[in-house]
Amino acid sequence: MTLEEAEKEALKCVHCGFCLESCPTYNVTRNELFSPRGRVLAFREGKSLEVFASCLFCRRCELACPSGVNYSKIYVEAIRRVRKLDVSSVVESPKLLSLTLRALRRSRPYLPEPREPLTHKDERAEVVIFPGCVTSVLFRGLVEKAVKYFRAVGIKTEVVNGCCGLAHLHSGNEEGARRAVERLRERAKGRPIVGLSSNCVARLKEEGLEAYDFAEFVVKRGLPVKGRAELVTVHDSCHASHFGLGKYTREALRMLGAKVVEMEEPNYECGAGGYSFILNDDVSEAVSEVKKNMIAKTGAEAVISTNPVCTLNFLRKGLRALHVLDLMEA
Amino acid sequence: MSLLRELQEIVGKEWVVSGEAATLYSHDAFLLHKGSPSLVVLPGSEEEAVRVVRLLLKRKERFIVRGSGTSLSGASTPLDDEVVVSLARLNRVHSVEGFEVEVGPGIANFSVSKSLPTHLFYAPDPSSYQVSSIGGNISHDSGGIRVVKYGPTYNSVLGLRVLLSDGSVEEIRTSPLLNHKSIFVGAEGTLGVILRARLRTFRRPENTKTLAALFESLEKASRAIVEIFNRGVNPSGLELMDRYSIRAVERSRFRAGIPETEALLLIELEGIPEEIRRDEGVVLQVLEELEAEVIVPKDKEEESRLWAARRGAFPAMAYIFPAYITLDCNVLRRDLSKALLKIREIARKHGVYIANVFHAGDGNLHPLIPFDPNNRESMERAVAAGVEVEKVVIELGGVPSGEHGIGIEKVGFMRRYYTEDELKVFRRIKEAFDPDYLMNPCKLVQREDCRPASEVLTKLWEAD
């Protein structure tokens, strides 16, 4: 992605405003300064680029845009110039990530205790398990369960820890994001990647890697699953919903025997917006509240979240959030 | 105290935008002019809105009331440095009862339908319905696909709460005599500020059915439109897409696999199954007589793909050129064929691409004329072609604007369409409601001191 490409995308905008209501930050402010159209105009005019700082980077506007503007390209180019915090080096190192999270945990008790990422490698491993950086340190239990599950169904796996680069993009670090993907590509050595963080999976798919979300892999391979029958609602995490990954989550849940009650807009942004929720951002909080109400209205016992950052934000809001794997008997 | 400070005291600091960031309110979906608003204020309640507007009136500030900023005629674009009052935050549903719903002006059209019990729907559906505000819809008397059966916004407005220029708040109710509700519908925010609207809704039809027909000539498609009504069928949607709009759509993400042909008619029938069967028989007969190739969508999914193609046709023009002028002149159905052929001639003459995609059932043309905003010559050719299209339509007995409003785009055509006496009456009305011309100045009804702020506007305003 280059400045030129971003400019080309911005020029495609005909200012129709069809993106407005799709944008969670516009929904809670109803102010053009918090809208995709306003941000694109700011970029075009080279004025007030700080309006990008409130963007949660969920890319819902791209789904609503009738003119096919790839907002993502504009966002990355703009946020690079106004970013206040680049988390790239933190997410790349599990140690640094754990330390940071441990420090944050003091004032944010909803964060689980960070743990050492799991290392595991079967001989002649045919499938790569990619937990994603946050899952690897905060939800190690999921990684263990995935390894056990694949062993039980006779699939040899290797766990590859690391980052997909999405957090880099959120900070406008295009180069770092590209390098993160390249590292993964090398380590996967052409083997299929099964991700435990659905937004990371979406990012890898977009970069042309053979990546599957956990539920997607199970459904596509027709693998057997057993689990607890619970009444749940499904949150479609933003980037993953661009690739329609939610339908596999639902199918896997059906196979498990769980009952799904749908919320009003399953792919509505959870409010986390990368790390915005950690910073106690007002807009992020307002969006989180909208999402929480959508979930609460369903009467479900838990919300299924296949992406760790969404999960953390749900925990912060006092919700019971589970991954598909949590409902499985391994 | 400065205006900025006074406004901040009413709405809170974060809801007043000043300086460079106000540029983000410099224009709406009309792309030929950008203003430079001095301030933007976003009241969060009806009470705040009243206080804000009273303050602006007291200080004799010129201002614009804006909803979602989707106007295609520039009605919500500041000409110069007017203060912009955004009512987007006044988006509450105040009540739903029987077939009526009362809402704030900032609510999106789509959100009105969403707030209703499932057996009801709000009928007017401009293509921007997902985002355009009810206040804006009322101020433009917005139409849409369903106009052909349910009428434009006017037919769905029962009452309004309006803030007048003397600072008073009036409840405007439908009255059998000297109905004054009508004056605020289509006033483009030049006569008062709409604070609340009571709307009527309709019962959702049991069933709908979509037929698509491909024609090898515009004349035959136009004849089919007239014949359908002559034989007693009133469709709930009757849209035409010509070769050039099909081409644009099929290049966009709304592609529906429509073959490139002279004209596509999209016809929607609704009602109970017996009614639909009856109407379908009549329509199919007409289509056969006029040698159309009929496509019956095999399921609801295919139906919605076709309608999405229609709704996406405007912004799909971005795949041709990054900006376009959208006209919305209206002719009688029987003159559609003549108008369409003339538009083809005009396109050839000026060397511009003109795509037609419009509400054929009510004769509401939508010639889309794309241009390259970075190329002045291209912009000028588009404007010249647009001016000529309007002239042709007015000569055919049509009106300059069917639903997008006059705004700053079509003020020049007012003189061509209305007599000097009629315009005088308009000005007297304007002066009765807004003697100082503070509300949305230079839109719709102009005072002599309005000056076009750019060369392009000069060309448009001096259209005759």
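In the text below, chain A, chain B and the rest are named by the order of the sequence lines, each starting its count at 1.
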R253(B), part contacting chain A, at a heavy-atom distance under 4.5 Å: side chain

Grab the two heavy atoms, one from A248(B) and one from I320(B), that are nearest each other, plus how far apart they are. CB-CG1, 3.9 Å

Look at C19(A), C16(A), S22(A) and state which one has the largest set of heavy-atom pairs under 4.5 Å with chain B. C16(A)

Checking R83(A) side chain against S171(A) main chain: does a donor-acceptor pair fall under 3.5 Å? yes

Is S71(B) in contact with chain A via its backbone, its side chain, both, or neither, using a 4.5 Å heavy-atom distance? neither

Based on non-hydrogen pairs under 4.5 Å, which of G19(B), S128(B), A316(B) is most in contact with chain A? S128(B)

I'd like to know which of W15(B), F110(B), F314(B) tops the heavy-atom pair count under 4.5 Å against chain A. W15(B)

Go through the atoms of V69(A) and report whether side chain, backbone, both or neither lie under 4.5 Å from a heavy atom of chain B. neither

E45(A), part contacting chain B, at a heavy-atom distance under 4.5 Å: side chain

Given the ring of Y212(A), does K205(A) sit roughly above its face, with NZ or CZ under 6.0 Å from the centre of the six-membered ring and within 45° of the axis? yes

Donor-acceptor contact below 3.5 Å, side chain R66(B) vs main chain V84(B): no

Structural part of N91(B) lying under 4.5 Å from a heavy atom of chain A: side chain

Side chain / backbone / both / neither for Y129(B) at chain A, heavy atoms under 4.5 Å: neither

So which residue, G69(B), A22(B), S26(B), ends up with the most heavy-atom pairs under 4.5 Å with chain A? G69(B)

Under 3.5 Å, is there a donor-acceptor pair between the E403(B) and H366(B) side chains? yes

Side chain from CB out, backbone as N, CA, C, O: work out which of these in T29(A) comes under 4.5 Å of a heavy atom of chain B, or both, or neither. both

Can you say whether K47(A) sits under 4.5 Å from chain B via the side chain, the backbone, both, or neither, judging by heavy atoms? both

Any side-chain to backbone donor/acceptor pair from E251(A) onto V219(A)? Under 3.5 Å, distance only. no

Heavy atoms from other residues, nucleotides or ligands near NZ of K220(A) exceed 12 (cutoff 6.0 Å): yes

Using modelled atom types and a 3.5 Å cut-off, is there a donor and acceptor pairing between side-chain atoms of D81(B) and backbone atoms of G35(B)? no

Could you check whether any side-chain N or O of T298(A) sits under 3.5 Å from a backbone N or O of A300(A), counting only pairs where one atom can act as donor and the other as acceptor? yes

With a 4.5 angstrom heavy-atom cut-off, is it the side chain or the backbone of E20(B) that approaches chain A, or both, or neither? both

